[in-house]
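Everything below concerns the one structure shown next.
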Amino acid sequence: MEHTEPHSTEPEMANRQGAAQRPNGAQGKICQFKLVLLGESAVGKSSLVLRFVKGQFHEYQESTIGAAFLTQTVCLDDTTVKFEIWDTAGQERYHSLAPMYYRGAQAAIVVYDITNQDTFGRAKTWVKELQRQASPTIVIALAGNKQDLANKRMVEYEEAQTYAEENGLLFMETSAKTALNVNDIFLAIAKKLPKYDQNQGQSGQGQGRRLAEGDQGAKTPGNCCK
Amino acid sequence: MTLSVFVNPELQFSATTFFAKQHKGETCGANGLPLTPNSIILFGKAQFLKTLKNPYLCEYLDIIRGKHERTIVVSQFCGKPLSEYLGKKIFSDSDIIKIAFQLLTALSVLHKNKIVHRNLSTESILVQNSGDIKLFNYGFHYMTNNGQLVSFPIIKLSYAAPEIYLSPLKSHIANSKMDIWSVGIILVELILNKSLWSSLKLSQKIRKILSFYQCGTSVFEKIAREHNCFDVYQNLSAELKHIIEQCLQIDPRSRPTCEDLLKNEIFKEFKVVQRNNPSKVCEKYQIFTLKELYHWWKLAGGDIILELKKQGLIRSSPPILSMPCLVMLDGTVLGQGRNPATLYESKIVQMSLDTLYQRFKHIHLNFCYPLLHCKSDIIAAFDPPHYDTKALPLIIKEKDPEYQFHRIILFRRLLHGYPYTRDMIRKEVEKDIPPLLRGEIWAALLDIQPDYEEIYAMIDKETVTTTDRQIEVDIPRCHQYNELLSSSEGHIKLRRILKAWVHQNTQYVYWQGLDSLTAPFLYLNFNDEAKAFACLSEFVPKYVHKFFLKDNSAVIKEYLAKFSQLIAYHDPELANHLCDINFYPELFAIPWFLTVFSHVFPLYKILHVWDNLLSGDSSFPLHIGLSVLTQLRSKLLTAGFNDCILLFSDLPEVDIEKSINYSNDTFKNTPRSITTREHQNEEYYKTTEYDISGVTLNDLTRERCPRISATDVVDMIRNTPEKILLVDIRNPLQYSRCSVRNSINIPCSSVTYGEHSIENLGQYAQILKNSGDKIVIVIGSTDTDLELFPKFLLNCNIKKVCVLHGGFNILISVTPTVLVSQKFEA
């Protein structure tokens with residue numbers, strides 16, 4: 001079995017969360033989840049991932065073309081949750097690639113920019129698409145990013161919250177810049193995900209196969225997305 | 001011996017330095033991004049000044065950003081300021097008229113380019129040995145955005161027009177008529193042969209100038225009387241007096257423009273001289289200019305910052321002394337500010353060229369005039385031996401002053417002869433490209449047409465479109481570590497080029513990544529937006545044809561499938577591993593190829609990669625991709641899916657020279673048809689019936705080994721038979737009836753495909769195992785399976801396996817024939 005330790009910051013990350021440590025090194029449950037980030041371009045998807053995975057923030061985070069893949073592990077009570085994160089390109093034109101990434105995903109974060117009403121509209125479209133096309137059990141979180149620019153807000157907190165409640169989404173306003181709610185939203189997702197032990201079975205390679213199957217699914221409609 | 005070529009009083013330069021204004025308090029703009037530092041804005045704005053070339057203007061050479069918003073301006077500097085001659089030399093009327101003419105000519109060039117000097121004085125007029133003048137430091141007010149980017153005033157008290165004192169301190173207006181007033185004052189000083197109001201204090205000077213508003217008569221007369229020179233005024237020729245009085249009009253609207261003044265009769269004699277040299281044809285070809293000399297000076301160890309430090313203009317103080325005493329929550333900084341007196345240094349530091357002279361003194365004069373066309377061996381033999389750097393790495397070659405001297409001299413010549421020297425340029429580029437001339441050389445390689453400026457000028461770059469928002473959010477994220485591209489000018493230019501491109505290419509749409517693709521061209525042609533656009537426009541059809549179609553998936557998928565095949569062709573082991581773990585190029589290589597690595601590598605690496613790309617064709621990026629994989633090979637071979645993808649999401653440092661050498665190598669050693677695509681631009685490829693066509697995307701994604709064309713196969717059979725291994729997989733009967741010369745027969749039906757072991761091939765196993773670098777060409781026919789056998793070879797890690805497109809039958813019609821019949825031979 002292959003279990004990858006993605007980053008050296010991982011234990012520190014767990015401590016920061018105050019989540020329970022594995023007792024005396026004994027292995028608790030290990031769960032692997034595929035998570036995808038969706039949303040209009042320049043709302044801060046890559047920045048949220050970078051903050052969550054590396055604790056960094058780049059003012060001039062470059063645009064994502066195609067998609068990027070990163071992993072991060074969080075500890076939740078006695079469970080180790082490993083996120084395999086697909087960070088997608090935001091431009092509408094790259095839309096045709098998106099199913100390849102969200103198919104088979106157990107969780108999605110749909111991101112919008114609180115200073116731009118259009119990006120909220122686009123987020124709603126993504127939620128609709130996920131509800132229609134993605135796995136029916138997918139956990140969807142809505143992130144109103146750039147909370148540090150609250151004085152230039154164009155999307156009211158209440159408006160987004162109401163929308164999230166109506167659609168059964170987790171909702172937080174986040175700031176990749178100040179790190180507000182970034183770890184929290186990932187933890188909230190981890191808590192909501194059904195946990196079964198993958199300690200014995202799945203390996204990292206399995207995820208790849210799943211993605212590949214999804215890819216073929218794209219060519220044969222009616223496979224798993226109906 | 002050639003030193004005289006370099007030692008020239010006009011080929012001298014100096015540096016000046018000052019600090020740009022620092023942002024106070026809040027450092028975020030409305031978009032949440034940090035405010036662009038003023039020194040960066042200034043850096044971008046000042047670039048334009050480098051384009052101004054006129055015999056009466058000192059040429060701007062460089063803008064350097066130092067620490068803490070320091071800006072250093074490097075400019076031509078020769079001769080002595082006019083102020084030093086005042087009162088020491090007698091100026092005749094004709095001297096004064098000549099200076100006036102040259103000054104007005106210089107200013108008219110500035111005004112035409114919407115630049116107002118606004119800081120004009122006798123100090124910024126340099127008198128040459130010849131008696132001609134050169135205007136210096138004329139761009140100071142312009143580059144600081146009319147003084148807005150610095151915290152000190154830019155003004156020459158005695159020369160400033162009265163309206164400057166009337167306008168509010170921070171109004172930052174600039175009107176070309178302000179310079180006309182200053183011209184008037186300068187001419188008065190020359191005529192009176194003394195500097196005006198030299199004994200007055202600051203406030204008194206201002207009062208004097210403002211008092212002109214009450215002056216009912218001529219300003220000139222008033223000044224002359226105040227300086228006890230009324231007699232000079234009275235005796236002055238009427239024409240000169242008239243010109244000065246026109247310049248010194250209180251109302252700026254009444255002052256004439258430079259053009260108006262130059263029409264005056266007294267300048268007639270100079271204008272004739274000027275008209276004698278009207279066209280480019282008559283222009284003397286300079287083997288190099290000051291710009292090149294400055295470049296070589298830097299390579300030879302010249303260091304502007306070091307010189308300024310030596311001269312005490314840059315003083316370093318312990319960091320603790322520049323720490324603020326108090327920082328407020330809103331970011332306001334209190335205490336330990338910079339001493340306002342150090343914000344601006346009036347001193348001009350002349351740079352010594354001795355080291356360069358020393359370094360270049362042995363350069364043979366012949367090298368300044370390299371022979372381009374020489375049919376005589378005798379003459380060619382007279383050329384001194386070439387400067388040998390072949391063994392040196394590129395990075396050293398680019399830093400070697402002598403080598404760059406040779407390269408630049410040669411390329412300048414060749415570029416001067418473009419487009420007639422196109423082929424010679426292409427040939428020279430195969431060695432390397434001198435960085436200083438890269439922009440022009442790239443434009444030549446891309447066959448930019450001479451009317452590119454007019455074309456660009458006519459394109460709509462302003463009308464609002466639906467793409468604007470995307471362009472707007474992408475630009476502030478595009479190579480922002482680069483000073484030029486992060487400057488406001490850079491953003492404006494990039495936006496205009498992208499909008500022009502989208503407008504001009506209605507068959508295409510803006511895909512994210514096009515910004516990165518444009519960046520290298522803008523970086524190299526920052527002062528020639530039209531050329532950057534022209535380069536992009538030529539680059540796209542040549543290298544990324546159809547990649548920016550609204551629905552580009554077929555094009556991209558084909559390209560990626562070819563990439564998989566190329567990996568299989570050169571590195572079966574890696575290809576098999578990546579295939580086993582389901583690690584497809586779709587997952588990582590889209591940004592590589594869509595942006596030809598411009599989204600993947602930093603600019604300095606892209607430049608070197610593209611230097612080579614521009615000598616290759618649209619398959620070259622595949623080879624670069626392969627070279628990147630090759631560098632990561634050992635890691636990839638031991639990694640699983642997740643580790644592989646993590647590796648590519650955060651690409652490790654790639655040794656670019658290694659990568660380039662490797663891709664040049666595979667590019668040269670891969671038959672063209674291996675990378676032939678249905679979607680490649682036919683304009684750049686000649687095709688015949690023996691070439692590959694009609695391969696569907698389905699075929700392509702299914703076939704793991706590439707196809708090869710009959711053209712390439714026949715060519716190799718005839719010319720390089722030792723480099724190929726022809727494997728005929730038809731049945732023995734067909735083979736014996738007729739086959740390709742020197743081919744071996746392994747009937748595909750005779751092979752056990754169950755396990756991947758080359759030994760299954762029996763007697764031929766050894767031949768294939770030892771095929772080494774030979775190209776293994778599988779020849780079948782319509783009734784043989786063309787996938788199973790090549791795939792088997794691939795799985796056995798046999799290199800360079802490809803399948804003849806069209807099978808055996810396509811070779812039948814080839815004349816002269818390459819076929820033999822075993823029966824007859826037996």
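Each chain gets a letter, A, B and so on, in the order the sequences are listed, and its residues count up from 1. Side-chain atoms are counted along with the backbone in the values below, which use heavy atoms only and exclude waters and symmetry mates.
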Closest heavy-atom pair, B:F563 versus B:L622, reported as atoms and distance to 0.1 Å, is CE1-O, 3.4 Å
At a 4.5 Å cut-off on heavy atoms, which part of B:T595 comes close to chain A: side chain, backbone, both, or neither?
side chain
Please state whether the rings of A:F83 and A:F186 are parallel, tilted or perpendicular, taking 30° and 60° as the class boundaries.
perpendicular
Heavy-atom proximity to chain B below 4.5 Å, by part of A:Q61:
backbone
The interface call for A:T115 against chain B, heavy-atom contacts under 4.5 Å, is neither
Check whether A:D113 gets within reach of chain B through its side chain, its backbone, both or neither, counting any heavy atom under 4.5 Å.
neither
Specify which of B:L594, B:V509, B:I590 makes the most heavy-atom pairs with chain A at under 4.5 Å.
B:V509
Honestly, the part of B:Q512 sitting under 4.5 Å from a heavy atom of chain A is both
Measure B:F583 against the heavy atoms of chain A and call it side chain, backbone, both or neither at under 4.5 Å.
neither
Validation row, ring centre A:F171 to ring centre A:Y157 under 6.0 Å:
yes
Name the residue from B:F593, B:F641, B:F648 that meets the ring-ring contact (aromatic ring centres under 6.0 Å, His included) definition with B:F588.
B:F648
Testing the 3.5 Å rule here: is there a donor-acceptor pair between the side chains of A:T64 and A:S46?
yes
Segment of A:S96 engaging chain B (4.5 angstrom heavy-atom cut-off):
neither
Between B:F597 and B:H599, ring centroids under 6.0 Å:
no
